[in-house]
> 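Please see the structure below; I have some questions.
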Amino acid sequence: SVHDLEQIFQKKIDEEVKIEPKEWMPDAYRKTNIRQISQHAHSEIVGMLPEGNWISRAPSLKRKAILMAKVQDEAGHGLYLYCAAETLGMSREQMIDDLHSGKAKYSSIFNYPTLTWADMGAIGWLVDGAAILNQVMLCRTSYGPYARAMVRICKEESFHQRQGFESLLVLSKGTDEQKAMCQDAINRWWWPSLMMFGPKDSESTNSDQSMKWKIKRKTNDELRQQFVDMCVEQVKLLGMTLPDPHLKWNEERGHYDFGEIDWNEFWNVVKGNGPCNKQRLEARRKAHEEGRWVREAAAAHAEKRKQQPQT
Ligand code: FAQ
């Protein structure tokens, strides 16, 4: 019976056995994995846009080559993740349609504009930094294909974060104008980066079940706190500050206290009304339309090959 299957399933989870595509799983487990993995894939692909904005304006050949490589890595991450979601029975076309129609979510962070070159550094340091903390935990997620994709993604992501920090470090030692640009980028990306971890645990509708199924291993607030503690130390090396007057070491908790996130802003962005939501989706739809002939030609070519006798 379904009840027995559910018990066997939960036993596997409890014993740290990975769940593989062809095995029985509860419908809700399948659904929430499709939801999370496809949102994650969309985030990688939409996440290419804010940085893509600066490729043609990078300040040197070296910085341009690094930025191009980073953005290409993100495309690769998106593709691994779409593949992982496909193993659960959702087609790529459906996922892409859901993104383009505005039905599917992607990370709120990519709906903010990249106003100066320093934003490339701030994204690497803060956005990739937040992404890694979340993804290191996901290397141990219970669904096999997702966990394995995360291992490779994390290696590349750590490199991205280091390059972001290094790039800010150069600005932080530069002219007064460069220093100001660096601080301004940190000021603008700090709060949106904290929002990447999702709503507070008390508002997080999926967390309880996802923790039981070991899809998530740490809660939104746990990871956010870890991120704050890490950044407070790292920002000192830059000689810059974080834009939060409430940041204060709490001896009792052994963590930094920090100010309240603007949750209205967060939900507003998640619901599609952030500064760049419309622009991002528009860019994705346009790219999809413009690539249509390539997909059609590739499919026609594959069909032709199938008809030809094998040699
Ligand atoms: N933005 O119940 P919870 C990257 C939604 S890193 C938008 O707590 P959950 C690398 C959530 O979907 C970024 N929506 O949800 C990169 C849910 O709505 P639903 C991508 C958000 O899933 C760097 C509702 O709120 N990383 O791409 C956000 O248990 C630089 C309630 O929330 C991942 O996606 C948000 N920030 O926990 C690329 C990691 N937060 O679906 C380019 C994988 C929450 O019920 C450049 N995902 N929501 O309608 C996760 O770990 C989880 O999904 C969380 C949210 C932790 C994001």
Side-chain angles (χ1 to χ4, degrees), residues 47 50-55 57-60 62-64 66-67 69-71 74 107-136 156-197 221-251 253-263 265-266 269 274-276:
E51 291 173 306
N53 183 34
W54 280 90
I55 289 175
R57 291 178 288 163
S60 69
K62 176 183 130 184
R63 293 291 175 194
K64 180 169 174 154
I66 293 171
L67 186 59
K70 180 179 193 285
V71 173
E74 282 147 13
S107 183
S108 51
I109 191 74
F110 302 116
N111 294 303
Y112 291 85
T114 43
L115 303 180
T116 73
W117 169 253
D119 288 13
M120 298 304 97
I123 289 180
W125 176 42
L126 295 171
V127 177
D128 288 279
I132 293 170
L133 285 185
N134 169 276
Q135 288 169 346
V136 163
E156 294 179 349
E157 211 83 87
S158 335
F159 178 67
H160 292 173
Q161 198 224 4
R162 293 295 293 266
Q163 73 78 33
F165 189 79
E166 191 270 343
S167 167
L168 288 185
L169 198 57
V170 170
L171 291 177
S172 75
K173 290 179 177 151
T175 62
D176 285 348
E177 213 181 343
Q178 286 172 318
K179 284 180 194 159
M181 200 195 268
C182 180
Q183 183 63 61
D184 168 65
I186 294 171
N187 291 350
R188 283 182 291 106
W189 289 93
W190 174 248
W191 290 104
S193 298
L194 291 187
M195 295 176 194
M196 287 175 71
F197 297 96
D221 286 333
E222 281 168 355
L223 286 171
R224 188 165 18 241
Q225 180 70 61
Q226 203 182 332
F227 181 70
V228 170
D229 292 348
M230 185 181 89
C231 292
V232 172
E233 296 308 321
Q234 292 178 347
V235 80
K236 291 179 191 162
L237 301 172
L238 293 173
M240 298 281 144
T241 57
L242 297 172
D244 179 357
H246 298 290
L247 271 175
K248 192 163 173 267
W249 178 250
N250 182 324
E251 192 64 54
R253 294 199 308 121
H255 290 291
Y256 281 92
D257 288 337
F258 55 100
E260 184 70 14
I261 288 167
D262 182 346
W263 294 111
E265 175 180 326
F266 171 73
V269 176
C276 300

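Predicted model only: the values in this text are computed from it and were never measured. If you read the sequence from its start, that first residue is 1, and numbering goes on from there.
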> If only atom types and distance count, is the side chain of W54 paired as donor or acceptor with the main-chain N or O of T114 below 3.5 Å?
yes

> Does R224 reach the side chain of I261, with side-chain heavy atoms less than 4.5 Å apart?
yes

> Kindly give the heavy-atom pair with the smallest separation between A130 and F197, and that separation in Å.
CB-CZ, 3.5 Å

> Please step through side chain to side chain contact (heavy atoms under 4.5 Å, CB included) for the pair M120 and K70, ending with a clear verdict.
CA-CA 11 Å; M120 298 304 97; K70 180 179 193 285; over 6 Å; no

> Please find the pair of heavy atoms, one from S193 and one from L126, that lie closest to each other, and give the distance.
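Here S193 and L126 meet closest at OG-CB, 3.5 Å.
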
> Can you tell me if E265 uses its side chain to pair, donor with acceptor, with the backbone of G274 under 3.5 Å?
no

> Once you round to the nearest 0.5 Å, how far does CH2 of W117 lie from OG of S60?
7.0 Å

> Would you mind reporting whether F165 and L237 have side-chain heavy atoms less than 4.5 Å apart?
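Yes. Closest side-chain heavy atoms under 4.5 Å.
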
> Atom CD in Q234, atom CG in L242: separation rounded to 0.5 Å?
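CG of L242 is found 10.0 Å from CD of Q234.
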
> Can you measure from CG (L133) to CG (L223) and round to the nearest 0.5 angstrom?
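The CG atom of L223 is 6.5 Å from CG of L133, to the nearest 0.5 Å.
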
> Could you measure the distance from the OG1 atom of T116 to the CE atom of M181? Nearest 0.5 Å is fine.
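Here the rounded value is 5.0 Å.
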
> For the residue pair M240 and C182, establish whether any side-chain heavy-atom pair is separated by less than 4.5 Å.
yes

> Can you tell me if CZ on R57 sees more than 12 non-hydrogen neighbours from other groups inside 6.0 Å?
yes

> Does W125 form a side chain to side chain contact (heavy atoms under 4.5 Å, CB included) with L238? I'd like the steps, not just the answer.
CA-CA 11 Å; W125 176 42; L238 293 173; 3.9 Å; yes

> Could you tell me whether the side chain of D119 reaches within less than 4.5 Å of the side chain of R188, counting heavy atoms only?
yes

> Below 4.0 angstrom, N of the basic side chain to O of the carboxylate: do R63 and E51 qualify?
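Answer for the salt bridge query: no.
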
> Please report the interatomic distance CD(E156) to CD1(I132), rounded to the nearest 0.5 Å.
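E156 atom CD to I132 atom CD1 measures 11.5 Å (nearest 0.5 Å).
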
> Do W191 and F266 have ring centres separated by under 6.0 Å?
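No.
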
> So M195 and I109, do their side chains get closer than 4.5 Å, heavy atoms only?
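No, too far: nothing below the 4.5 Å cut-off.
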
> Do K179 and D176 have side chains that approach each other closer than 4.5 Å (heavy atoms only, starting at C-beta)?
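Heavy-atom side-chain distance check passes, below 4.5 Å.
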
> Rounded to the nearest 0.5 Å, how far does CH2 of W189 lie from CD1 of I123?
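Rounded to the nearest 0.5 Å, the CD1-CH2 separation comes to 4.0 Å.
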
> Could you report the tightest heavy-atom contact between P113 and C276, atom names first, then the distance?
N-SG, 3.6 Å

> Is a side-chain donor or acceptor of D244 paired with a backbone partner of G259 at a separation under 3.5 angstrom?
yes

> Fit a plane to each ring of F227 and W190, take the angle between them on a 0 to 90° scale, and name the class: parallel (under 30°), tilted (30 to 60°) or perpendicular (over 60°).
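If you compare the ring of F227 with that of W190, the planes turn out parallel.
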
> Just one of N134, V136, D128 clears the side chain to side chain contact (heavy atoms under 4.5 Å, CB included) bar with E157, so which one?
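Exactly one candidate clears the test, D128.
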
> Donor-acceptor pair, distance only, cut-off 3.5 Å: does the side chain of E233 make one with the backbone of M230?
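No, because the side chain of E233 does not come within donor-acceptor range (under 3.5 Å) of the backbone of M230.
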
> Examine the side chains of D221 and Q225 and answer whether a donor and an acceptor come within less than 3.5 Å of each other.
no

> On a heavy-atom basis, which atom in K236 and which in V232 lie closest, and how many Å separate them?
CG-O, 3.5 Å

